[in-house]
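One structure below.
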Amino acid sequence: MLQKILFILGLLFALSPFASPPVALTVGLAFGLTFAHPFLVQSQKLSKTLLKVCVVGLGFGMNLTEVLKAGKSGFFYTALSIAFALSVGWLLGKLLRVGKTDSYLISVGTAICGGSAIAAVGPVAGATDDEMSVSLGTIFILNSVALIVFPLVGTWLDLSQTQFGLWAALAIHDTSSVVGAGAKYGAGALAVGTTVKLARALWIVPVTLATSAVKRNGAKIKYPWFIGLFLLAAVVNTYLTFGAPVYTALYGLARIGLTATLYLIGSHISRQTLKQVGVRPLAQGVILWLIVSVVSLALIVYGFISL
C-alpha cells in the first residue's frame, strides 16, 4: 500500500510545475531503487505510448524559419558534428563493450538533442525501458553539468557571444540547456545558440527514419508514425501562425508529459537492473561528451568554425 501511495505522489509531483525532466527522472530512479514497483506492467505500457505522443507535441515548439535563419553554414556544422559524435560514440561503445542499443542511444542523444532524440529514436531502435532509462539518465546528468560549466569556461576563455552560442549549440545535449546556458552568457549567445541548436534538432527526423530502415533489416519498413506527426507539427507551428496560442499550449503539455514519462521510466529501474547494466554506458556518455565539447571548442577558438 505504501509503495502505491508513494508512486502516485511521485507521479503527481512530476506533473506539477515544480518538476523538471532531470528531477523527475531522479525521483523515479529513487523510487525504483528503493521499492518494488506496484504498477510495473501498466507503467511500462503507459510510458511507451506517452513518450511517442510527447515527441509529436514537441514539434509544436520548433520553428522551421528560425532553423533556416541559422544559415547554410550552421546546418553544415551540425551535420559534421552529428556525424562525428555518432562515429566516436560507436567506437567508444566498442572499446568499452557497451550494449549496442545503449551505445547507440547515448550517441544519438549526444549527437542531436539529448532526451528528445532518445525519446524519438528509442522506440524505433527497439530499446527496452532499462536501456531508455540508462541513456536518458546519462544525458540529463551531463545536461545539468553543462548548464553550470559552459558559461564559466566561456568567460574564462573570453569567448564572444557568437562563439559561445555556437559552442553551446554544438556541444550541449538538450535544447533547454542550450537556452539556459546562452541566456546566462548573453543575448547574442542565446540567439545564435538557439537557432543553430534548432538546425541540429531537425536531424531527429532523418536519423530516426534511418534507424527504422536499418532495424527492419531488409523487411518492409514500418515508418514511425510519431516522427511524421512531429515534422507535421513543426510545419504547422511555422506556417499556420494564427494558432500560435494553441501550439504553445500543446508544446507546454508535451514538456509536462515528457517530464512525467521520465518519472515513469526512472521508476522501472531496480538495483538488479543497475547491476546488469554497470557503469560502462555512463562512462561512454561522459567521454563522448568531453570529446565533442573539447574538439568543437578548439575548432571555434582557432577559427575553423564560425558564422
Side-chain angles (χ1 to χ4, degrees), residues 20-22 58-86 88 109-117 139-204 234 237-238 241 244 247-248 251-252 255 285-286 288-307:
S20 63
L58 292 175
F60 287 104
M62 176 172 285
N63 189 304
L64 298 181
T65 302
E66 293 298 321
V67 173
L68 296 177
K69 284 183 180 179
K72 294 181 179 180
S73 58
F75 197 78
F76 175 70
Y77 294 145
T78 58
L80 288 180
S81 172
I82 289 168
F84 175 75
L86 289 176
V88 175
T110 303
I112 305 177
C113 59
S116 298
I139 294 301
F140 277 118
I141 288 172
L142 297 177
N143 267 332
S144 300
V145 173
L147 194 56
I148 299 172
V149 172
F150 268 56
L152 295 176
V153 174
T155 301
W156 178 51
L157 294 177
D158 195 27
L159 298 180
S160 69
Q161 292 288 312
T162 299
Q163 286 178 320
F164 182 85
L166 184 56
W167 181 42
L170 294 177
I172 297 179
H173 306 83
D174 191 69
T175 303
S176 60
S177 293
V178 173
V179 172
K184 283 186 178 181
Y185 204 76
L190 176 61
V192 172
T194 301
T195 52
V196 176
K197 178 61 180 177
L198 287 173
R200 183 178 163 199
L202 196 60
W203 284 89
I204 287 178
N237 179 62
T238 303
T241 55
Y247 309 150
T248 301
Y251 176 74
R255 293 288 299 180
V286 172
L288 177 59
W289 178 62
L290 288 175
I291 291 174
V292 170
S293 299
V294 171
V295 170
S296 59
L297 177 60
L299 291 174
I300 291 170
V301 169
Y302 289 104
F304 293 102
I305 295 178
S306 61
L307 290 179

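The basis for the numbers below is simple: all heavy atoms, side chains too, and nothing from hydrogens, waters or symmetry mates. This structure is a prediction, so every number in the text was calculated from the model and none was measured.
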For [X] and [Y], indicate whether the former's side chain and the latter's backbone hold a donor-acceptor pair under 3.5 Å.
X	Y	answer
W167	S293	yes
Y185	Q161	no
Q163	A189	no

Within-4.5 Å side-chain heavy-atom neighbours: [X] and [Y]:
X	Y	value
F150	F164	yes
V153	L159	no
T248	N237	no
L157	L297	yes
V292	L170	no

Within this structure, what is the CD1-OG distance for the pair I172 and S296, rounded to the nearest 0.5 Å? 9.5 Å
Please report the interatomic distance CZ(F84) to CG(L299), rounded to the nearest 0.5 Å. 8.5 Å
Applying ring-ring contact (aromatic ring centres under 6.0 Å, His included), can you list everything that pairs with Y247, at least two apart in sequence or on another chain? F60
For A85 and L288, the nearest pair of non-hydrogen atoms, with its separation, is O-CD1, 3.6 Å
Smallest separation among heavy atoms of A146 and W289, with atom names: CB-CZ2, 3.6 Å
